[in-house]
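Read the structure below first, then the notes.
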Amino acid sequence: MKKVTVYGTGCKSCNETAKQIETFSAANNIDVEIIKEKDLMAIMDAGIMTTPGVAIDGTVVHTGSIPSDAELQKYFA
Amino acid sequence: MFVVFTHFADWLTYQLLGLDSASNIGQSLHFFIEDTSKIFVLLFVLIYVIALLRASLNVEKVRDYLQGKNRFVGYVFGSVFGAVTPFCSCSSIPLFLGFVSARIPIGVTMAFLLTSPLINEIAIVLLGSLLGLKFTVLYVALGLSLGIVGGFVLDLCKAERWLIPALAARYQQQGEVELSHFSEDKALTLNDRHEFAKNETLTILKRIWKWVFIGVGIGAFIHGMVPAAWFEENLAHGQWWTVPVATFIAIPIYTNATAIVPIMGSLLAKGMPLGTTLAFCMSAVAASIPEFTMLKQVMTWRLLALIFIYLLIAISIVGWVFNIINVLG
């Protein structure tokens with residue numbers, strides 16, 4: 001089970017990022033738990049300066065855009 | 001080179017649609033078609049080219065660069081980076097927090113945030129094609145100065161006192177700052193750059209196409225429908241108070257550079273004084289109610305009020321100076 005955190009202040013791309021990861025993990029049989037983190041201080045502490053940001057098991061792997069399937073493939077490898 | 005767009009608009013408006021070239025509606029539509037077709041072609045090409053060049057620039061690099069720099073160098077670089085980094089107002093807060101937690105002075109961060117919406121490649125394309133090179137240089141110089149001086153003034157007032165308490169405490173913390181560096185620094189291949197530029201062009205065009213239509217639409221309306229006499233009677237004399245009033249009204253308005261430049265072109269063509277036009281348009285772009293609402297999450301009312309007053313005074317001065325130059329010249 002991988003814990004995925006999507007950091008974002010609730011903008012459209014942030015919600016789409018969460019959806020994208022859900023679809024991707026379902027298609028690839030990856031067991032994930034997705035948490036949406038909207039708290040500003042938490043976003044700051046994660047060191048994310050452009051949202052949406054994505055962390056897998058506490059490590060930030062992506063920021064600034066909705067990740068593509070190819071990028072997710074890499075992050076989950 | 002741009003004449004092809006005039007021919008295109010001639011053909012579409014007067015031949016295909018058969019409108020009279022002397023009528024108001026014919027002139028408005030011609031203006032609209034010529035400007036939108038020109039703008040979209042230019043934007044498409046230039047956003048791609050610029051994105052290709054700046055593919056390796058990101059906000060983390062900007063932050064690392066600004067950290068620990070001399071304050072005065074910081075204002076200038078903060079403002080310049082604000083102009084060249086792509087920026088969407090929905091990421092202004094995380095970016096602001098990232099800079100603050102790296103203990104970059106508030107003034108330097110604000111120099112970045114104030115200049116960012118005013119200057120970007122889209123604004124420059126539009127200004128260059130609609131208003132010419134001289135005006136573009138003037139606008140860019142003013143946009144940079146507004147950020148640089150703003151940063152200086154905010155630090156002079158010790159603006160960090162008026163951040164929300166949790167953030168102010170973070171800013172004053174002692175000890176080493178630990179910065180995250182998750183993005184690996186690899187050399188980009190040409191193909192990486194092409195991918196980035198392609199995505200960037202599509203994302204930006206998707207975001208701004210409606211603004212181009214709105215801006216040029218309003219511009220076309222002013223161009224064809226509002227008689228020059230109306231401007232002559234109401235706005236053309238550049239009475240001193242028109243400048244602060246225009247600024248005061250425009251600061252809360254939510255718009256962006258993409259929409260405002262075509263409007264600016266039409267206002268100038270109708271004889272509205274340069275200073276008043278600049279004041280109205282720059283203050284409409286620089287800040288807005290949605291932007292202040294977002295900043296309220298990290299700032300107290302005092303700081304927001306200070307930013308508002310700064311913009312009001314600084315932009316009014318710009319307006320007055322250019323109205324005077326206009327009258328003398």
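Hydrogens, waters and symmetry mates are skipped; everything else that's a heavy atom, side chains included, is used. Lettering follows sequence order; numbering is per chain, from 1. Because the structure is predicted, anything quoted here is derived from the model rather than measured.
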Exercise. Are the charged groups of Glu16(A) and Lys19(A) less than 4.0 angstrom apart, N to O?
Worked result: no
Exercise. Between Tyr65(B) and Phe81(B), is the gap from one ring center to the other below 6.0 Å?
Worked result: yes
Exercise. Are Val125(B) and Ile122(B) close enough that some pair of their side-chain heavy atoms sits under 4.5 Å apart?
Worked result: no
For this session: Kindly state whether the ring of Phe40(B) and the ring of Phe213(B) have centres lying under 6.0 angstrom apart.
Result: yes
Problem set entry | Gap separating the CG atom of Leu295(B) from the CD1 atom of Ile164(B), nearest 0.5 angstrom | 11.5 Å
Exercise. For the candidates Asp45(A), Thr59(A), Ile43(A), which exhibits the highest count of non-hydrogen atom pairs separated by less than 4.5 Å from chain B?
Worked result: Asp45(A)
Exercise. In terms of heavy-atom proximity below 4.5 Å to chain A, should Val298(B) be classed as side chain, backbone, both, or neither?
Worked result: side chain
For this session: Determine whether more than 12 heavy atoms belonging to other residues, nucleotides or ligands lie under 6.0 Å from atom CZ of Phe292(B).
Result: yes
Seminar exercise, completed: Contact list (residues 20-27 of chain A to chain B, heavy-atom gap under 4.5 Å, by number) returns none
Exercise. Is a side-chain donor-acceptor pair under 3.5 Å present for Glu71(A) with Ser68(A)?
Worked result: yes
For this session: Take atom OH of Tyr171(B) as the centre, draw a 6.0 Å sphere, and report whether it contains more than 12 heavy atoms from other residues, nucleotides or ligands.
Result: yes
Exercise. For Trp209(B), does the CH2 atom have more than 12 heavy-atom neighbours from other residues, nucleotides or ligands under 6.0 Å away?
Worked result: no
Exercise. Within residues 72-79 of chain B, which positions have a heavy-atom distance to chain A below 4.5 Å?
Worked result: none
For this session: Please say whether more than 12 non-hydrogen atoms of neighbouring residues, nucleotides or ligands are located less than 6.0 Å from NZ in Lys3(A).
Result: no
